[in-house]
Number of protein chains: 2
Amino acid sequence: MANSDQSSDPTVQLREYVARGGYGPGAKLPPERKLTDDLGLSRSTLRKALDVLEREGVIWRHVGRGTFVSQDTEVEPPDALVDLGRKLTPFRMMRARVAIEPAIAREAAINASAEDIAQMEMAQQAAYSAETWRAYEKQDDLLHRAVAEAADNPLLLYLFDQLNQVRRAVAMGNVTRRTARPSREHVSFAEHEVLVAAIRNHDPQAAYEAMRTHLRSVSARLFEVG
Amino acid sequence: MANSDQSSDPTVQLREYVARGGYGPGAKLPPERKLTDDLGLSRSTLRKALDVLEREGVIWRHVGRGTFVSQDTEVEPPDALVDLGRKLTPFRMMRARVAIEPAIAREAAINASAEDIAQMEMAQQAAYSAETWRAYEKQDDLLHRAVAEAADNPLLLYLFDQLNQVRRAVAMGNVTRRTARPSREHVSFAEHEVLVAAIRNHDPQAAYEAMRTHLRSVSARLFEVG
DNA sequence: CACTCCGAATTGGTCGACCAATATCTACCA
DNA sequence: TGGTAGATATTGGTCGACCAATTCGGAGTG
């Protein structure tokens, strides 16, 4: 069924292919070679159209795996952030976290309100009872953001959020986990305890150190030369 | 002078070509065929890089006429940043600077190249000979940004730029200056010296302390209860 | 002098062919 | 049974070659 779409614009053609093909969110599109056949386009032209759709956030690509339709719920971060995430190495991303987040934790220790601390403890508890790594990571995110909120500085919170968006855009490759689900003995739990305790005691230096230690340990586990 | 740029990324290669070629706003770039020769790229690859710059609004193209550098090099900060700057108090803004910039200075001390340091020294010299406070502030900006660049981490540089845009948007009210023009004895000069020296010596801790001291001193002068 | 037309210069777009990088599957072996 | 190495599938990126569309200037003509 080659060249079934009449439109001359390859992007429109591809869009219609996706729409008419009934590919829901998360569905895997055919490989590029098949798409070139179906649409009657060369690979270069097809890839340019795919680039457009990817920039718009309609699809999502990954080498070796394929091309997928995005979940339509997610909001698309600005181009600049996506670009940054694409060319930033995971190492540099972690390096930035180690530089920035301890400074924020220090401010949090100074300014944290009772509610802020309650928020952190809640995330901590939820992390403990997380059944999957995915759920754990979500709570980990929430804990770190609660710390940023506790700093009581909209600018710092904004910068933290920017950092986080880039973090999510960075391709982390295969993070291999040793266990099926987070265990109680997972090092991060203890490190989080220390961090929250320091903030609870309004001890800026301790909070700074705790966050720094925690992120360095995460970093070490990520990049260990196994 | 083919392939004079070392970078592997065609886009940055092209960016550097434009920057180093001294093409001001409105200037006409060489035709694509010449660019491919100068940069050692194929036309497809070059055009992809040109696409990126055009999307960013850096250049402007038209069939039959050529490629031109855009007029408005001034990037307008997004509404979100202006908003943030409007409701942020100068005190909190400075607080964020004191938190973030020392951490960046530490990274700079670790990663600074000879060029980075030369850049800082240039800004320093220019600040010394500044005739007006306005000119001085511009060089001060450049020095701080040179430090951020020296950190050799695009994410940190991005965050610094965001911080800076908010800083500019913050209403600083009447900053009363005691002298008509920056004097040699202005405290910041000495503080900058210490900072650059620390980075030159690749001493992270000293650079961290120097930046922190400097910003706290700026902060103290701003908010002193006269 | 004014007008027309043609050709050169320039960007726009497509094509097909490579090879590289990454992920997944499979067959084999201990 | 479990793990490892190699084969296979898939996207990433570059290259050089076409031809089309548009602009601009200059040669030729009245």
Side-chain angles (χ1 to χ4, degrees), chain A residues 2-3 5-14 17-18 23 26-55 57-70 82-83 85-91 169-180 226, chain B residues 2-3 5-14 17-18 23 26-55 57-70:
Chain A
N3 215 358
D5 292 303
Q6 304 303 338
S7 173
S8 57
D9 185 345
T11 306
V12 178
Q13 220 173 322
L14 175 59
Y17 181 97
V18 175
Y23 296 101
K28 182 175 185 300
L29 292 180
E32 293 179 351
R33 263 75 181 196
K34 180 165 188 338
L35 284 177
T36 59
D37 287 354
D38 286 359
L39 295 174
L41 297 171
S42 78
R43 195 165 163 239
S44 330
T45 308
L46 170 71
R47 281 180 60 72
K48 215 157 103 178
L50 285 168
D51 283 344
V52 174
L53 265 66
E54 188 183 26
R55 266 199 303 279
V58 177
I59 61 170
W60 192 82
R61 299 189 279 180
H62 203 42
V63 284
R65 300 190 51 183
T67 306
F68 304 85
V69 179
S70 302
V82 178
D83 263 26
R86 212 192 304 280
K87 59 181 68 153
L88 201 70
T89 63
F91 182 78
V170 169
M172 289 306 274
N174 45 349
V175 178
T176 52
R177 323 227 72 146
R178 294 221 180 68
T179 57
Chain B
N3 217 357
D5 293 303
Q6 306 301 342
S7 173
S8 57
D9 186 342
T11 305
V12 294
Q13 218 174 321
L14 176 60
Y17 181 96
V18 175
Y23 297 99
K28 181 175 184 301
L29 291 180
E32 294 178 351
R33 262 77 179 195
K34 180 165 186 343
L35 285 177
T36 58
D37 287 353
D38 287 358
L39 295 175
L41 297 172
S42 76
R43 194 162 165 242
S44 331
T45 308
L46 171 71
R47 282 181 58 73
K48 215 160 102 179
L50 286 168
D51 282 345
V52 174
L53 264 67
E54 189 182 27
R55 265 200 303 279
V58 177
I59 60 171
W60 191 82
R61 299 189 280 181
H62 204 307
V63 261
R65 303 192 48 185
T67 306
F68 303 85
V69 179
S70 298

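Every chain is numbered from 1, with letters handed out A, B, ... down the list of sequences. Keep in mind that what you see is a predicted model, and the values were worked out from it rather than measured.
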A.B. asks: Which heavy atom of B:Gln13 sits nearest to which heavy atom of B:Leu41, and what is that distance?
C.D. replies: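 Smallest heavy-atom distance, with atoms named: OE1-CD2, 4.1 Å.
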
A.B. asks: Testing the basics here: between A:Leu39 and A:Tyr17, what is the closest heavy-atom pair and its distance to 0.1 Å?
C.D. replies: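 In this case the closest contact between A:Leu39 and A:Tyr17 is CD2-CD1, 3.6 Å.
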
A.B. asks: So if I define the base as every atom that isn't primed, P, OP1 or OP2, how would nucleotides 5-16 of chain C read as a B/S/- string at a heavy-atom cutoff under 4.0 Å?
C.D. replies: -----BBBBSBB

A.B. asks: Treating A:Ser70 as the side-chain partner and A:Gly57 as the backbone partner, does any N or O pair qualify as donor plus acceptor under 3.5 Å?
C.D. replies: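 Judged by distance alone, yes, a pair lies under 3.5 Å.
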
A.B. asks: By side chain to side chain contact (heavy atoms under 4.5 Å, CB included), which residues pair with B:Ser44, not counting sequence neighbours?
C.D. replies: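 Side chain to side chain contact (heavy atoms under 4.5 Å, CB included) list for B:Ser44, sorted by chain: B:Ser42.
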
A.B. asks: Only counting residues at least two apart or in another chain, list the ones meeting side chain to side chain donor-acceptor pair (under 3.5 Å) with B:Arg43.
C.D. replies: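 If we apply the side chain to side chain donor-acceptor pair (under 3.5 Å) test to B:Arg43, skipping adjacent residues, the hits are B:Glu32.
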
